[in-house]
Amino acid sequence: MPSNYFDKMYDYAVQLINAGLAYVCDLSADETREYRGTLTAPGTESPYRKRTIEENLDLFLRMKNGEFGDGSKVLRAKIDMTSSNINLRDPVMYRIMHADHPHTGNKWCIYPTYDWAHGIEDSIEKITHSICTLEFEDHRPLYDWFLEQLKIHHPRQIEFARLNLTFTVLSKRKLLQLVEEKYVSGWDDPRMPTISGLRRRGYKPEIIRNFCEKIGVSKANSTVDFALLEHCIREDLNVTSNRYMGVLRPLKVVIENYPDEKEEELTAVNNPADPNSSSRVVPFSKVLYIEQDDFMENPPKDFYRLAPGREVRLRYAYFIKCINVIKDSNNNIIEVHCTYDPETKGGNAPDGRKVKATMHWVSAKHAKKIEVRLYDRLFTSEFVENEKDNWKSCINPKSCEVLKESFCEPYIANLKLDERFQFERLGYFCADSKDHTIENPVFNRIVQLKDAWEKIKKKMGNSIIN
RNA sequence: UGGGGCGUAGUCAAGUGGUAAGACACGGGACUUUGAAUCCUGGAUGCGGAGGUUCGAGCCCUCCCGCCCCAGCCA
C-alpha cells in the first residue's frame, strides 16, 4: 500500500533535491507537454530547472504545507530532456492535489506519481523481483534511475505479457463499461472474468491456478484459447464432483405398461469417476421427464437417442421403447408414450441385447422444480480486441439463458451450498451464491460437457434441428 | 519516420549451436449404463523473410518484413 510509505517517500524526495536531482517546476500541464517534445523531437528544459537547492527545498516544503493550488507546481526529477525515452524527460514525481485520501485522509495535499512511488515501495518491502506488464518496459530505466540515485535496495523489474483470453475482454476499462451500461448484472455477474464473477460462476481457485500453469508466462502478446480454460474446469470437476439428474427442457414420457401408482427406488452411483464413490437412491414412476433434445420424431441417421419404435436406456433404470407420440393442436409433441422392459431394471438386459443411447430423466411426481442459468461465452468474436470500437456489438446475446421450468431429482435437497456437481450429460453446475434458496433453487452452469452430437449437427449443417 | 519490445502448428508454449517437447483445439479409431470420461492414432522437411558464419542454425551475424507499447500532473 503506497500510502503507508508517504512519509518515507517525502524524505527520499528531499534527498534527491539535496543531491540536485529534483526541482520544483511551475509549468502548467499544457506547458509541460509542449516542453516535453515528441516521439521524434527532443524536449526543451524547463525555465525552472536551474532553481537552487535551497529554493527547491523551500518550495517543496510549502507545496507539502498546502500553500499552493492544485496543478500550480510539481516536483520533477532532473534527468534528460533530450532522452529518446520520453519517461526520462524530467518526469513528475509529485503533484498538488487537495484531496482526501482513502487511507491518509487530509494529511497530504501532494501525492507521488506511479513512477516515483513504485520503486520505493518495492525497495522498502525488500522485494527481489517486481513483476509487471509489457507497457512498463519503457519505465524500467526510470525505475532503476530513482533507486540508483537513492542508493537503496534495488529490486529488479521484469515485464511479461498480460493474459488475454478469447471470447472475452479483460481490460478494466471495458469491464467497467459492461457493468455501467448494464450488459451484465454487476462485477460479480457469472459471465464476468473477474474474481468475484469467476467465483460466483463456480470456478475453483485451484482450477484457475492450474490453468495459469498450463498457459505459461512469456513476453509475447498472446490470446489464450477459452477452450483451454474450459478444459481445465472439466478436468477437475470430472473427478471431484457428484452426478445428479436434471432435465433442462422437459418432455413428458408416459410408460404405458408401468402400474399407475407404482414407485420404485433405484440406486445410482454418485461419481462414476471415483472408485470409492457412494451412491444414492432415485425415485422412478410411470410419468417421467426427459430432455426435449433426446427425442426426435424423424431422426437423421446419426441420431441414436429416443425415436418412434426405438429402444433406449434410462440411466440406472430401465430400457424403454417409444410406441406413440401425442401432439397438441399445433402439432407440437407434448407427450411420448413408451413401454418398459421390467427385465432390464438397473439398466442391463438379461438377454444381452444392447441399446445405443443412455438418457437422463426424472420422475415427474418426485421432481423438484428449479431455475437454471445457462452461461456461455460473453462475446461471439474470438478476438474481441480486433473489433476495435465495435467490441460491444459482439456481445453474445445468448450468453445467459434462464430456464425457469427445469426439474431435477429430489436428492438435490441434500446438496451442500458450495457443491459443484454434474447434471448428467449436460454440464457442471453450482448453486448461485446470491439467488439460490432451498425453496427456490437457482443453479448456474459452470461449463457444459463436451458434446459430440452438437458437432455432428453442425457438420450436417444444422438442417435437422427440431 | 525516435525509443522500447515481440514474431516456433488454429491457440498457448518448450527450446540458449547437435538435427522441432508438451497442452488445448482439430481429424481418424477403440471402448462406453454420461454422444462425457478414458485409451490408441494423425498433423510444422519446418521455427516472419532473405542472405551469411559453421561439419551442423529456431538458436550466432547482416539486412528486410510484420505486430505491440510510449508524447498523463493515470496506473
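What you see is a predicted model; the values in this text were computed from it and never measured. The figures here come from the full heavy-atom set of this structure, side chains too, leaving out hydrogens, waters and symmetry mates.
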Rounded to whole angstroms, how far apart are CD1 on A:Ile456 and C1' on B:rA36?
-> 13 Å
Pairing annotation in dot-bracket form, given for RNA chain B with Watson-Crick or G-U pairs under 3.5 Å and | for cross-strand partners = .(((((((.[[[..)..(...]]].(((((.......))))).....[[[[[..)....]]]]])))))).....
On a whole-Å scale, what distance lies between the P atoms belonging to B:rU11 and B:rG49?
-> 15 Å
Could you check whether A:Asn238 gets within reach of a base, just the sugar-phosphate, or nothing at all, counting any heavy atom under 4.0 Å?
-> sugar-phosphate
Polar pair under 3.5 Å, donor/acceptor by atom type, side chain A:Gln422, base B:rU34 = yes
Please state how far atom CD in A:Glu291 lies from atom P in B:rG35, giving the value in whole angstrom units.
-> 12 Å
Considering only the P atoms, how many Å lie between B:rU45 and B:rA50, rounded to the nearest integer?
-> 14 Å
Pick base, sugar-phosphate or nothing for A:Val217, based on heavy-atom distances below 4.0 Å to the nucleic acid.
-> sugar-phosphate
Taking it one step at a time, do A:Glu401 and A:Arg373 satisfy salt bridge (Lys or Arg N to Asp or Glu O under 4.0 Å)?
-> CA-CA 6 Å; A:Glu401 186 178 1; A:Arg373 297 173 183 171; over 6 Å; no
Nearest whole angstrom, please: distance from the C1' of B:rG15 to the NZ of A:Lys219.
-> 18 Å
Protein proximity profile, nucleotides 20-32 of chain B - base contact B, sugar-phosphate-only contact S, no contact -, cut-off 4.0 Å on heavy atoms | ---SSSSSS----
Rounded C1' spacing from B:rG28 to B:rC6 in Å = 37 Å
What integer distance in Å separates A:Ile215:CD1 from B:rA13:C1'?
-> 10 Å
Is A:Arg62 salt-bridged to A:Glu67, cutoff N-O under 4.0 Å?
-> yes
So, for A:Tyr143 and A:His118, is the gap between ring centers shorter than 6.0 Å?
-> yes
Quiz item: cation-pi between A:Lys64 and A:Tyr10, 6.0 Å / 45° = yes
Under 4.0 angstrom, heavy atoms only, what part of the nucleic acid is A:Glu230 near: base, sugar-phosphate, or nothing?
-> nothing
Can you check whether A:Thr40 has a side-chain N or O nearer than 4.0 Å to OP1 or OP2 of B:rU1?
-> no
OP1, OP2 of B:rG35 versus side-chain N and O of A:Arg425: anything below 4.0 Å?
-> yes
Considering only atom C1', compute the distance from B:rC40 to B:rC31 and round it to an integer number of Å.
-> 11 Å
Ring center gap for A:Phe60 and A:Tyr94 short of 6.0 angstrom | yes
Could you classify B:rG72 for me, syn or anti, using a glycosidic angle within 90° of 0 as syn?
-> syn
Run the salt-bridge test on A:Arg425 and A:Glu291 with the 4.0 Å N-O cut-off and return the result as yes or no.
-> no
Which part of the nucleic acid, if any, lies within reach of A:Tyr94 when heavy atoms closer than 4.0 Å are counted: base, sugar-phosphate only, or nothing?
-> nothing
Would you indicate what A:Ala220 reaches in the nucleic acid, counting non-hydrogen atoms under 4.0 angstrom: base, sugar-phosphate, or nothing?
-> sugar-phosphate
Which part of the nucleic acid, if any, lies within reach of A:Arg33 when heavy atoms closer than 4.0 Å are counted: base, sugar-phosphate only, or nothing?
-> sugar-phosphate
To the side chain of A:Leu39, which of B:rG2, B:rC69, B:rA36 is closest?
-> B:rG2
A:Phe211 has an atom CZ; how far is it from atom P of B:rA13, in whole Å?
-> 11 Å
Any idea which of B:rC68, B:rC73, B:rG7 is nearest the A:Asn221 side chain?
-> B:rC68
Name the nucleic acid region contacted by A:Asp115, choosing base, sugar-phosphate or nothing; use a 4.0 angstrom heavy-atom cut-off, strictly under.
-> nothing
Within the structure shown, what part of the strands sits under 4.0 Å from A:His139 by heavy-atom distance: base, sugar-phosphate, or nothing?
-> base
Side-chain N or O of A:Arg173 closer than 4.0 Å to phosphate OP1/OP2 of B:rA75 | no
Are the charged groups of A:Asp7 and A:Lys107 less than 4.0 angstrom apart, N to O?
-> yes
Look at all strands and tell whether A:Arg305 reaches a base, only sugar-phosphate, or nothing, counting heavy atoms closer than 4.0 Å.
-> base
N/O (side chain, A:Arg36) to phosphate O (OP1/OP2, B:rG72) under 4.0 Å | yes
Scan A:Phe167 against the nucleic acid and name what it touches under 4.0 Å (heavy atoms): base, sugar-phosphate only, or nothing.
-> nothing
Counting any heavy atom closer than 4.0 Å, what does A:Glu424 reach on the DNA or RNA strands: base, sugar-phosphate only, or nothing?
-> base
Quick one: label A:Phe136 by what it contacts on the DNA or RNA (base, sugar-phosphate, nothing), any heavy atom closer than 4.0 Å.
-> base
Taking all heavy atoms of A:Met81 and all of A:Thr44, pick out the closest pair and write down the distance.
-> CE-O, 3.4 Å
For atom C1', what is the distance between B:rC69 and B:rU62, given to the nearest Å?
-> 26 Å
Reckon A:Val224 touches a base, only the sugar-phosphate, or nothing at all at heavy-atom distances under 4.0 Å?
-> sugar-phosphate
Can you check the A:Leu142 CG to B:rA71 C1' distance for me, whole Å?
-> 15 Å
Could you state the atom-to-atom distance from CG of A:Leu134 to C1' of B:rG7 in whole Å?
-> 13 Å
Considering only heavy side-chain atoms of A:Ser84, the closest of B:rG3, B:rU1, B:rC12 is B:rG3
Validation row, ring centre A:Tyr340 to ring centre A:Tyr318 under 6.0 Å = yes
Span that lies between the C1' atom of B:rG43 and that of B:rA23, in whole angstrom | 15 Å
Per atom distances to the A:Glu137 side chain, the nearest of B:rU34, B:rG4, B:rU11 is B:rG4
Report the relative orientation of the aromatic rings in A:Phe423 and A:Phe421; use parallel for angles under 30°, tilted for 30 to 60°, perpendicular for over 60°.
-> perpendicular
RNA chain B nearest-nucleotide lookup for A:Phe383 and A:Asn85: closer to the 5′ end is A:Asn85
Among B:rC12, B:rU1, B:rU34, find the nucleotide with the atom closest to the side chain of A:Thr223.
-> B:rC12
Ion pair check, A:Glu31 and A:Arg36, cut-off under 4.0 Å | no
Phosphate contact (B:rA13 OP1 or OP2) by A:Ser222 side-chain N/O below 4.0 Å | yes
Approximate separation, where rounding is to 0.5 Å, of A:Glu206 CD and A:Phe211 CZ = 15.0 Å
Within this structure, what is the CG-to-P distance between A:Asp138 and B:rC6, rounded to whole angstrom?
-> 12 Å
Base, sugar-phosphate, or nothing for A:Asn348, non-hydrogen atoms under 4.0 angstrom?
-> base
NZ/NE/NH1/NH2 to OD/OE distance under 4.0 Å, A:Lys8 and A:Asp11 | no
Whole-Å P distance, B:rG48 and B:rA13 = 14 Å
Between A:Asn271 and A:Asp30, the residue closer to the 5' end of RNA chain B by nearest nucleotide is A:Asn271
With ring centroids as reference points, do A:Phe284 and A:His366 lie under 6.0 angstrom apart?
-> no
Spacing of the P atoms in B:rC60 and B:rA25 (rounded, Å) = 34 Å
Planes under 30° and centres closer than 5.5 Å, is that true for A:Trp453 with the base of B:rG35?
-> yes
